[in-house]
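All remarks here apply to the structure that follows.
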Amino acid sequence: MRIYWIRHGEMEFRAHRLDNFDTINALFNQETEGSLSDRGRDEARAVARHFSGKRLDAIYASPLLRAKETADATAEVLGMDVAVREEITELRTGRLPEGSAAQRILSGISGSPLPKPVKRVMLGGSLIPLYFQSWRSGRTEGGESPADLEARITRMFEELQAAHGEDAHVALFAHGYLIFYLSSIWAQRSLNTLRPFVQPYIPNGSITTMEVSAHPRPRLIEYAAARHL
């Protein structure tokens, strides 16, 4: 089965108060969300043009709005429906503990007297790496473990193969660090090889292609392709 993982288009971050630590924690645990920005809608249309005329047997999206809106653009072009799957929502990192080094960094930026646009830029470059690294190291509170994440995706692959057959081509509109993490473990590469802390680590609207079969693990064919954007 050929799987196309598509990262959603750019999200409209102005809907969130990223200068507030509680709001940041909620964002990384999928308790709040935003729709696509103007640029994100352009990226969604570019993905739709890429798949126009190509074979897709099913389109699935994360329940988060930004992924669903990105999937809708491709579904409209192909005359298909989008089905929502909870399994491909973004990973839930859990919360940074009060007093942790990562929490102090973010609180320091959030509470600084800098203008909000400046703080937003600073936070945008540090939020995901800090949360992701803390999650991988088991230093967050709540959320899901890496083993839980891998289990939910493995179960979903089994269900998709049963529903669509081993020769199906399936598009999954999902999220950056979910795609990055799965690519890193199934490509048997180190996380540093895929450069998680270099921006952009995986472009919005990029397509990662995997082959899923009876083998023990999926095979990564292409990571974060963005030629269509």
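Worth saying up front: this structure is predicted, and the values here are computed from it rather than measured. The first residue in the sequence is number 1, and the count goes up from there.
In the hydrophobic clustering of ILVMFWY residues, with side-chain heavy atoms under 4.5 Å counting as a link, V84 and I153 come out apart. By the rule that hydrophobic residues join a cluster once side-chain heavy atoms approach within less than 4.5 Å of another member, M210 and I221 end up as members of separate clusters.
The side chain to side chain donor-acceptor pair (under 3.5 Å) search around R139 returns S137, not counting sequence neighbours. Take R219 and apply the side chain to side chain donor-acceptor pair (under 3.5 Å) test, not counting sequence neighbours, and it matches no residue. E69 pairs by the side chain to side chain contact (heavy atoms under 4.5 Å, CB included) definition with S35, L36, L65, not counting sequence neighbours. Scanning for side chain to side chain donor-acceptor pair (under 3.5 Å) contacts around E211 gives R2, with sequence neighbours left out. Partners of R104 under the side chain to side chain contact (heavy atoms under 4.5 Å, CB included) rule, at least two apart in sequence or in another chain, are A101. Every residue meeting the side chain to side chain contact (heavy atoms under 4.5 Å, CB included) condition with T93, not counting sequence neighbours, appears here in chain and number order: F28, N29, L91, Y131, W135.
Looking at L178 and L149, their side chains come closer than 4.5 Å, going by heavy atoms from C-beta outward. The closest side-chain heavy-atom distance from L160 to M156 is below 4.5 Å.
Legend: salt bridge (charged side-chain N to carboxylate O under 4.0 Å, His left out) pairs involving residues 141-154, not counting sequence neighbours, sorted by first then second residue: E144-R152. Residues in residues 78-88 take part in these salt bridge (charged side-chain N to carboxylate O under 4.0 Å, His left out) pairs, two or more places apart or across chains: R85-E87, R85-E159. Within the structure, the ring-ring contact (aromatic ring centres under 6.0 Å, His included) test picks out no pair touching residues 80-119 (sequence neighbours left out). Identified under the ring-ring contact (aromatic ring centres under 6.0 Å, His included) test for residues 81-114, with sequence neighbours left out: none. Applying the ring-ring contact (aromatic ring centres under 6.0 Å, His included) test to residues at least two apart or on different chains, the pairs with a partner in residues 54-93 are Y60-H164.
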Could you check E43 against S206 for side-chain contact (heavy atoms from CB on, under 4.5 Å), going step by step and ending with a plain yes or no? CA-CA 9 Å; E43 290 162 343; S206 63; over 6 Å; no
Test side-chain contact (heavy atoms from CB on, under 4.5 Å) applied to V170 and M1, step by step: CA-CA 8 Å; V170 176; M1 182 172 61; 4.1 Å; yes
Should T140 and R95 be marked as a side-chain contact (heavy atoms from CB on, under 4.5 Å) after you check the CA-CA gap, both sets of side-chain angles, and the distance that decides it? CA-CA 5 Å; T140 53; R95 285 164 157 69; over 6 Å; no
T208/F180 under side-chain contact (heavy atoms from CB on, under 4.5 Å): CA gap, chis, key distance, verdict: CA-CA 9 Å; T208 295; F180 164 76; over 6 Å; no
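Taken to the nearest 0.5 Å, the CD atom of E10 stands 3.5 Å off from the OG atom of S37.
Evaluated for a side-chain contact (heavy atoms from CB on, under 4.5 Å) with W5, the options I202, L220, T209, L182 yield exactly one hit, L182.
For A73 against A48, the heavy-atom pair with the smallest separation is O-CB, 3.5 Å. Heavy atoms only, all atoms of each residue included: K54 and H50 are closest at NZ-O, 2.7 Å. Closest of all the heavy-atom pairs between A174 and A67 is O-CB, 4.3 Å. Contact detail for S62 and I88: the closest heavy-atom pair is CB-O, 3.4 Å.
We find that E90 and R66 are not joined by a salt bridge, their nearest charged nitrogen and carboxylate oxygen being 4.0 Å or further apart. Ion pairing between a basic and an acidic side chain is recognised when a charged N comes within 4.0 Å of a carboxylate O; R39 and D42 show no such pairing.
As a member of the Ile/Leu/Val/Met/Phe/Trp/Tyr network built from side-chain separations under 4.5 Å, L56 groups with Y4, I6, V47, F51, I59, V77, L78, M80, V82, F173, I207.
At a cut-off of 3.5 Å, with distance as the only test, no side-chain donor of T89 or H175 sits close to an acceptor on the other residue.
Under a cut-off of 6.0 angstrom, the local environment of CZ in R55 is crowded, with over 12 non-hydrogen atoms contributed by other residues, nucleotides or ligands.
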